[in-house]
Amino acid sequence: MAGLTLKGIYKKYPGGVVAVSDVNLEIRDKEFIVLVGPSGCGKSTTLRMIAGLEEISEGELYIGDRLVNDIAPKDRDIAMVFQNYALYPHMTVFENMAFGLKLRKVPKDEIERKVNEAAKILDLTHLLDRKPKAMSGGQRQRVALGRAIVRSPQVFLLDEPLSNLDAKLRAQMRTEISKIHKKLGTTFIYVTHDQTEAMTMGDRIVCMKDGFVQQIDTPQNLYENPTNKFVAGFLGSPQMNFIDAVLKEEFGQYIVEFGSNDSRTQKGVKYQIIVPESKATPELADYVNKEVILGVRPESIHDEEMYLSNATTGIIDTQVEITEMMGAETYLYLLCEGIPLTARVSPRSTARPGDEIKVAIDPNRIHLFDKETEKTIVN
């Protein structure tokens, strides 16, 4: 088994295009690490450099203690599972899974043992004689995984392996892959643009944007303590609400103020949220009377009567535009002084489109970001 070390990894293409910039990453042995980010952020390119399918322009890549920059993909002791399964259509499941071992001249009885073991783990034993076209997407995906498992590699690389499956099957396969990781006790590096996959599967998440690593942390820490506005907005569904605001200081308290205030027409309302003492860092002094971005997650906006009656700050007037009943919860799409907001509330909420309702923002759960750099000021 092995961990991986990426030291100052760059990928530069002709014409000055830099796809990946200065990636430094220490992946522990047996860790499940997820590279996540929007399309074109460099996550698949990073994975392909680890696999040896793309040349590293600059930096060093170690698998275990071995520098592998110039080592061919077949000698890196890794296995890769692709988005499109890449199965041979004319071969049965057994032949597809055994193919790599045959090329390596592994003895027949050992091939049979390894394929049967992998088929058992993946619940494919009854399908070993079928060809890919007679199978569902989820079954084909499991065959692709099986082909990687039989090789007993040090590292598994998975490039968006679930993106061709429907929503229900994706959720099911997420659980399957997590179980397989625990059974095999091998290092998994998984690429996805789906933040739900990242949050539910990874021991740690590497969040990327424009070729740069933005933050590396556990799913919970990324969610609760994002390093900047991009990470805050990318992780979480529905995504975090962002509101242009101004930071004020009154009577020794910091106050976040937002809304509209047209002095000519006397229309518009300013709303205030008192920043709790626990969040009042010394850094806030530099932002007094300056514009900031207020970040609020949908679950931190409440419409329950009990919460509203106890709230001492952060109560705002909104108009309900759309309600989405999700079964276990309801999403309210609101407008407050022209600012769109999303709230995740109880399924018992009585709010309906067109209603004017009061909601309360939980001051203990707010985030503040620098308007210019978008870096986090307060989590």
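The residues of the chain are indexed from 1 along the displayed sequence. The shown structure was predicted, so the numbers you read here are calculated from the model rather than taken from an experiment.
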We want to know whether [X] and [Y] form a side-chain donor-acceptor pair, criterion being a heavy-atom distance below 3.5 angstrom.
{"X": "Q215", "Y": "T227", "result": "no"}
{"X": "E224", "Y": "Q220", "result": "yes"}
{"X": "E54", "Y": "T45", "result": "no"}

Side chains of [X] and [Y]: does their closest heavy-atom pair fall under 4.5 Å?
{"X": "L53", "Y": "M80", "answer": "yes"}
{"X": "V155", "Y": "D77", "answer": "no"}
{"X": "I205", "Y": "I216", "answer": "no"}

Salt bridge check, [Y] against [X]: does any charged N sit closer than 4.0 Å to a carboxylate O?
{"X": "R344", "Y": "E299", "answer": "yes"}
{"X": "K108", "Y": "E112", "answer": "no"}
{"X": "D370", "Y": "K290", "answer": "no"}

Practice item. Validate the cation-pi geometry between K11 and Y13: distance from NZ or CZ to the six-membered ring centre under 6.0 Å, angle to the ring axis within 45°. Key: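 Yes, K11 lies over the aromatic ring of Y13.
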Exercise for review: Using the six-membered ring of F242, assess whether NZ or CZ of K229 lies under 6.0 Å from its centre and within 45 degrees of the ring axis.
Suggested key: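 That pair qualifies as a cation-pi contact.
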Are the side chain of [X] and the backbone N or O of [Y] linked by a donor-acceptor pair below 3.5 Å?
{"X": "N24", "Y": "G8", "value": "yes"}
{"X": "R142", "Y": "L122", "value": "yes"}
{"X": "N221", "Y": "T218", "value": "no"}
{"X": "K43", "Y": "P38", "value": "yes"}
{"X": "S309", "Y": "M306", "value": "yes"}
{"X": "S300", "Y": "V296", "value": "no"}
{"X": "Q195", "Y": "G236", "value": "yes"}
{"X": "N116", "Y": "A119", "value": "no"}
{"X": "R76", "Y": "I71", "value": "yes"}
{"X": "R174", "Y": "E197", "value": "no"}

Is there a path of hydrophobic side-chain contacts, each under 4.5 Å between heavy atoms of I/L/V/M/F/W/Y residues, joining [Y] to [X]?
{"X": "L165", "Y": "L127", "value": "yes"}
{"X": "M208", "Y": "L61", "value": "yes"}
{"X": "I56", "Y": "V18", "value": "no"}

[X] pairs by side chain to side chain contact (heavy atoms under 4.5 Å, CB included) with which of [options]?
{"X": "I357", "options": "T350, L332, L308, I316", "answer": "L332"}
{"X": "I361", "options": "T313, I301, I315", "answer": "I301"}
{"X": "P226", "options": "N379, L235, D217", "answer": "N379"}

Does atom [atom1] ([X]) have a neighbourhood of more than 12 heavy atoms from anything else shown, all under 6.0 Å?
{"X": "R151", "atom1": "CZ", "answer": "yes"}
{"X": "M325", "atom1": "CE", "answer": "yes"}
{"X": "K248", "atom1": "NZ", "answer": "no"}
{"X": "D65", "atom1": "CG", "answer": "no"}
{"X": "E372", "atom1": "CD", "answer": "no"}
{"X": "E304", "atom1": "CD", "answer": "yes"}
{"X": "E55", "atom1": "CD", "answer": "no"}

Check your understanding: Can E26 and T5 be said to form a side chain to side chain donor-acceptor pair (under 3.5 Å), step by step?
Key -> CA-CA 5 Å; E26 197 79 46; T5 306; 2.8 Å; yes
Point to revise | E305 side, atom CD; K358 side, atom NZ - distance, nearest 0.5 Å | key: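 So the gap between those two atoms works out to 10.5 Å.
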Review point. At what distance, to the nearest 0.5 angstrom, does CD1 of I177 lie from CE of M201?
Key: 4.5 Å
Exercise for review: For the pair F369 and H367, name the ring-plane relationship: parallel under 30°, tilted 30 to 60°, perpendicular over 60°.
Suggested key: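 Ring orientation, 0 to 90° scale: parallel.
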Check your understanding: What pairs of residues pass the ring-ring contact (aromatic ring centres under 6.0 Å, His included) test when at least one of them lies in residues 23-72, not counting sequence neighbours?
Key ->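 Every pair satisfying ring-ring contact (aromatic ring centres under 6.0 Å, His included) with a residue in residues 23-72: F32-H181, F32-F188, F32-Y190.
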